[in-house]
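All heavy atoms count here, side chains included; hydrogens, waters and symmetry mates do not.
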Amino acid sequence: MIDHLDGAVIPTGFDVPVEPLRRAAHYTGEQGCIAEARSFAALFLDQLRTEWCASIDDRADGAVQLVVSELVTNADRHSNGPYILELVGTDSAVTISVYDSSSALPRIFPRNPERVGRHGLEIVHALADQVSVERVPVGKRVRAVLPLAGATGG
């Protein structure tokens with residue numbers, strides 16, 4: 001940011017974005033979509049590092065990748081149509097939203113180490129500060145907010 005005082009130019013610090021970084025991708029459910037979504041999230045985190053000077057540690061990077069993978073996998077398996085991955089980020093958190101065409105709300109099962117599969121929402125809840133599920137006009141939205149550094153999910 002630069003302030004002007006009687007014609008003199010005084011630098012006052014770095015320009016910081018005002019609006020969160022926001023990106024969305026549409027997936028058809030074809031083979032490879034989950035890997036594409038993870039790649040999209042990696043590029044988003046790189047852009048967040050550059051544009052927001054976000055400090056994203058390895059744990060947060062891995063957590064974002066895992067949550068994207070879990071939510072997109074669920075949309076891929078349980079909806080009858082395309083789905084959208086939306087990422088919104090600042091220097092302190094990333095919000096991951098997945099919209100799909102199914103109005104059936106996902107269920108979280110009680111912890112059971114003997115159960116094979118169906119642990120996705122357990123994982124998301126363990127990593128995120130907030131998780132919400134809501135019906136939208138075309139189906140549902142599953143949303144998770146993850147801290148980027150210094151905080152833990154839960």
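One distance of note links OG of Ser69 with CG of Leu71; it measures 9.0 Å at 0.5 Å rounding. Here the CD1-CG distance, from Ile56 to Leu48, works out to 4.5 Å after rounding to the nearest 0.5 Å. To the nearest 0.5 Å, the span separating NE2 on His26 from CG on Leu85 amounts to 12.0 Å. Considering CZ of Arg143 and OG of Ser132, their distance stands at 5.0 Å, rounded to 0.5 Å.
The two residues Pro147 and Ala60 have their closest heavy-atom pair at O-CB, 3.9 Å. Here the closest non-hydrogen pair linking Tyr83 and Ala75 is CG-CB, 3.8 Å.
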Indicate every side-chain donor-acceptor pair of residues 33-47 with a distance under 3.5 Å to a residue at least two apart or in another chain.
unit_1: Arg38; atom_1: NH1; unit_2: Gln65; atom_2: O; d: 3.1
unit_1: Asp46; atom_1: OD1; unit_2: Arg49; atom_2: NH1; d: 3.0
unit_1: Gln47; atom_1: OE1; unit_2: Arg23; atom_2: NE; d: 3.4
unit_1: Gln47; atom_1: NE2; unit_2: Glu51; atom_2: OE2; d: 2.7

Taking distance alone, no hydrogens or angles, what donor-acceptor pairs closer than 3.5 Å link side-chain atoms of residues 91-101 to residues at least two apart or in another chain?
unit_1: Ser92; atom_1: OG; unit_2: Thr90; atom_2: OG1; d: 3.4
unit_1: Asp100; atom_1: OD1; unit_2: Ser102; atom_2: N; d: 2.9
unit_1: Asp100; atom_1: OD1; unit_2: Lys140; atom_2: NZ; d: 3.0
unit_1: Asp100; atom_1: OD2; unit_2: Lys140; atom_2: NZ; d: 3.2
unit_1: Ser101; atom_1: OG; unit_2: Gly81; atom_2: N; d: 3.3

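Annotation: side chain of Leu105 is in contact with side chain of Arg135 (closest heavy-atom distance under 4.5 Å). Side-chain contact between Pro106 and Asn74: absent, with no pair of heavy atoms (C-beta onward) separated by less than 4.5 Å. Counting only heavy atoms from C-beta outward, the side chains of Trp52 and Leu21 approach each other to under 4.5 Å.
Other residues, nucleotides and ligands place no more than 12 heavy atoms under 6.0 Å from the CD atom of Gln31.
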